[in-house]
> 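Handing you a structure now.
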Amino acid sequence: MLTRTLGRRRAKRVVAWLSLVLIAAVLAALLHRFGLEPALGGDLDEKGRRLLRAASALQALMLLVVGYLVWNASVRKPVDRLFARLRTRKPPKQSHDAEQLRALTEEGDKRTAQLNAMMQMHRSLRDKLTSLGAEHVAALRSRDAALGITQDAIMLTDRAGAVTGVSAATATLLRSPRESLIGKRFDDVAPLFEDGNQHFRDHPLRNFLSTVAGSASGIPQIREAVLVNHENEPVPVFVTATAIIDSGGQSIGCSVRFSRADAPAPEKTGHQSLSLSDSEMDAWSSKLLSREPFERRLDELVADAVDNGVQHALIYLRVDDLDRINDQSGYWAGEQALWHAARNFSMSLTDVGTGYRPSNSRFAALLVGKTLERALEIAERVREHAESNQLVWNGKRIACNFSIAVLPIARGGGERAQLLGQAETLLAEAKNRGGNRVLHEVPADAPGARRRDDQTWLEWLLPRLDDGRAHLISQELRPLTESSQKPLVEFFLRVEDDDGVWLEPGYYLPAVERLQQAHRVDLWALRHLLKALESNPRLLDSHTAACLNLAPQSLLNPEFAPSAFEIIGNSPVDAQHLCFEIDEGFAVSQGSVVQRFMEQLRPIGVRFSLDRCHTTMGITQLRHLPIDYMKIHPSVTRNIDTDALDRAHLKWICEAAHLLNRRTCAINIESDGALAPLRSAGVDFAQGTAVNKIGPLMT
C-alpha cells in the first residue's frame, strides 16, 4: 500500500525510519531496565523515572542515528556507488569475437555438410564396391564352372601372360594339379616348341602368346607345336590362341585351347568323349584288345601248354578303389581313371606282350613263352609305373594303382574259367590287403572256398527260382514334365533266404556270373514278368512299359537273345510293353555285343534303356544304339539341389538326349527338394523313394 502511495523508493525510506524508531524504543527500554535505573539505585520519584526513561530513549536514538550515519557513510554509499558503476559500465566490445565465432560456426556447418556428403559418397562407393565384388565373384564362379564343365583343354591368361584359369582337361594334359598352374607364366607351365624338328627342345616357340595378347584383333591364331608336360613327355598339339578384347577394344588376356595332334579324329558328337574305347588306344604302343580276342588267345595258349608243354603267363589286373573314385570325384573321374589306367598299362607293356581289356574294369596281358619269374618282374614294373603316374583330375591328383594277379599258363594249370577264377581270387585277396600289390600264390583255402561259395550260391538259387521263393517287386518311374505321360515300372528280383529275408541280387549274382549262369536267372525273370503282366492287364493300360535290368554276362551268352526272342514271341503280352535295361559301362566296352542283341529284339518292338549314364559315353551310345530311355546315374543328381555345376551337367545331358529324341530318367531320388531342379533341367521321369517307394505289382 505504501509502495502504491509513496512509490517504491520513498516507501523503503519510511519503512527504514519506522524500523529505526521501533528498534530505538526497544533499545531504550532495555537500557532503562538494565542500564541506568539499576545504576541510580531505584530511589527516584515518578518524575525522575520519566526523565530517566526519556534520557534512555534519547541515548538509544542517538546510538542508532550515529550507527546509521556511520553505516551509511562507510558501507552503503560505497556499495551503492560500486553497484551504480557496475550498472552503468558498458559491456566490452565483442563484435570482433562474435564475427569470428559466427564465421567459425558457418565454417563448421560447411565442413559438416561436406563430411556428410563424403560419408554418403563413401556409402555409395562402398555399396558399389560390394556389388562389384559380388559380380566379380559371380564372374569367377561362372568362369570356373564353365572351365569345369568343358571337356576341352582350355587355359586363360591375363595380358602379361599369367595363368588365370585352367580347365580339368588342361590339367590332365599337362599332368599337373590345377592349383600349381594358376598364377604362373604360361611359358613356364606350358612350354611350347616348334614342330617338325628332331631336336625340337632346341627350338622353343617364343613370343607366341605375347604376340597374340598384344594384338587388338580377336581372330584366333593357330599353331602346330610340341607341348612338354610336367612329366617331361612331348605331346604334339594344335594350339589355338585368341586375344580377349574388352568393350574398349583393348586386349586384356588370351584364351588358349590345346588339341592333341596325334589323337584319332572323333566322331562329330559336339563333345569330346572321356570314355574308354578301343579307338582311343590307337595312339599307344600297345593297343588294348577286347574280350573276344582275349578269350580266344587265352584258349590257344592253354591248349599250347597242354599239348606242347610250353609255359606262358597271364597278368590280370584292376584299378584299386574305382568305386571310391566314382563316389568322391564323380563318374567322369572314374572313366578318366580307367582311361588313365589303360594308358599306363599299355605303355608298360612295350615289347613284352599284348594288352587286353576283358571288361570295363579289368585289364590283362598274355606273355607268350614267359616264365612266372619274368611275368612277376613285368607285373611289378606295371605296378610301379601306375604308382608313379597318378591321375590329375579337376586339378587334383588321384591315385590309380593296380591290384595285379600273375598266373602261369602251364600243363595242369586248368582251363580258361579256372585261370580267371584264380585271378579273381588273387585280386580279391590283394584288395583285402590294401591293394597296390602283385600276388601270384592263391591262399591255401581260397580256391576251394571260392568254388564252394560260388557253386553253393548257384545250388542255393536255382531251386528257389522254381519253388516260389523267388519274387519280382516293382517301383514306378513317374513323369516330371508331362502330366499326360504314362509312368514306367521297373521290376527287381528278390530271393528268400532260409531265414525268410529277401536277398538282393548283389549277394548271389556275382557268383552266378562267374559261373556263367546269369542268363538262366534273367530268362526266369523274363518269363515270370510276362506271366505277371498277362495276369494284370490293367497294369499295361496305366503304364507305358515294364522294365527289366539284364546282367552283362547274359548278353555275352550267344543263346540268350534267341531264347528271349522265343519267350517274348510265345507270350500274349505285346513286346512294346517290355523295356530291357543295359548298363552304360557294358554298352561302351562291349558295343558290338549290345548292338547285335538289340538288332535281334528291336524288330518285335522291345524297347531299350541305357542304365546309369553319367558322361558323354551315354550320349555316344545314344547316337548309334536304338535306345528309348536314358537313366541318369545318381552321382549326377545326388547334389542337384545345392550344386550349380551338377545342375549344368544334368541340363546338358538332358538337352543332348532330347536332341536325339530320347527320354531321360533320374534314379535313386530320395529328396523332395531335388524334384524342382530335375524339372528345371528337363528330366522326363524320376525314380526313387521321393516319388514311389513300392510299385503296383509284387509276385
Side-chain angles (χ1 to χ4, degrees), residues 139-197 199-215 220-244 251-263 272 274 283 329 332-333 336-337 339-340 343-344 347 388-400:
L140 292 179
R141 289 179 177 175
S142 299
R143 181 200 66 188
D144 293 340
L147 289 174
I149 198 172
T150 183
Q151 297 181 37
D152 293 331
I154 295 177
M155 180 180 290
L156 301 178
T157 70
D158 59 15
R159 182 178 174 82
V163 178
T164 58
V166 179
S167 69
T170 304
T172 302
L173 177 66
L174 295 176
R175 317 302 301 163
S176 175
R178 182 184 296 179
E179 60 270 13
S180 66
L181 302 175
I182 301 297
K184 296 183 179 179
R185 294 181 66 253
F186 173 83
D187 293 336
D188 295 335
V189 299
L192 298 174
F193 300 88
E194 294 182 3
D195 187 37
N197 194 307
H199 304 285
F200 64 90
R201 295 180 188 269
D202 297 332
H203 302 277
L205 193 60
R206 302 184 185 278
N207 301 325
F208 172 65
L209 194 66
S210 59
T211 302
V212 175
S215 67
Q221 297 189 29
I222 304 175
R223 185 70 179 266
E224 187 172 3
V226 176
L227 171 68
V228 177
N229 63 22
H230 289 210
E231 295 179 355
N232 204 29
E233 298 174 344
V235 182
V237 294
F238 291 104
V239 185
T240 304
T242 308
I244 302 175
S251 173
I252 59 175
C254 284
S255 170
V256 184
R257 181 180 182 275
F258 303 96
S259 57
R260 295 183 65 106
D262 59 350
Q272 179 184 356
L274 292 178
S329 303
W332 274 8
Q336 184 69 8
W339 186 91
H340 179 77
R343 172 182 179 273
N344 286 336
M347 293 181 66
S388 60
N389 292 273
Q390 295 181 337
L391 169 68
V392 177
W393 175 256
N394 280 344
K396 298 180 180 179
R397 292 190 180 275
I398 299 176
C400 291

> For Thr157, which residues count as a side-chain hydrogen bond (donor to acceptor under 3.5 Å, both in side chains) partner, sequence neighbours excluded?
none
> Between Ala153 and Ser167, which heavy-atom pair has the shortest distance, and what is it?
CA-OG, 3.6 Å
> Check each of Pro204, Pro234, Pro191 against Val226 using the side-chain contact (heavy atoms from CB on, under 4.5 Å) test, and report the only one that passes.
Pro234
> Is there a side-chain contact between Leu227 and Leu174 in this structure, where contact means two heavy atoms from C-beta onward sitting under 4.5 Å apart?
yes
> Please report the closest heavy-atom contact between Leu192 and Phe258, naming both atoms and the distance.
CD2-CE2, 4.3 Å
> Looking at every heavy atom in both Leu209 and Gly161, which two are closest together, and how far apart are they?
CD2-CA, 4.5 Å
> If the condition is salt bridge (charged side-chain N to carboxylate O under 4.0 Å, His left out), which residues does Arg185 pass it with, not counting sequence neighbours?
Asp187, Asp188
> For Thr164, which residues count as a side chain to side chain contact (heavy atoms under 4.5 Å, CB included) partner, sequence neighbours excluded?
Arg143, Leu156, Asp158
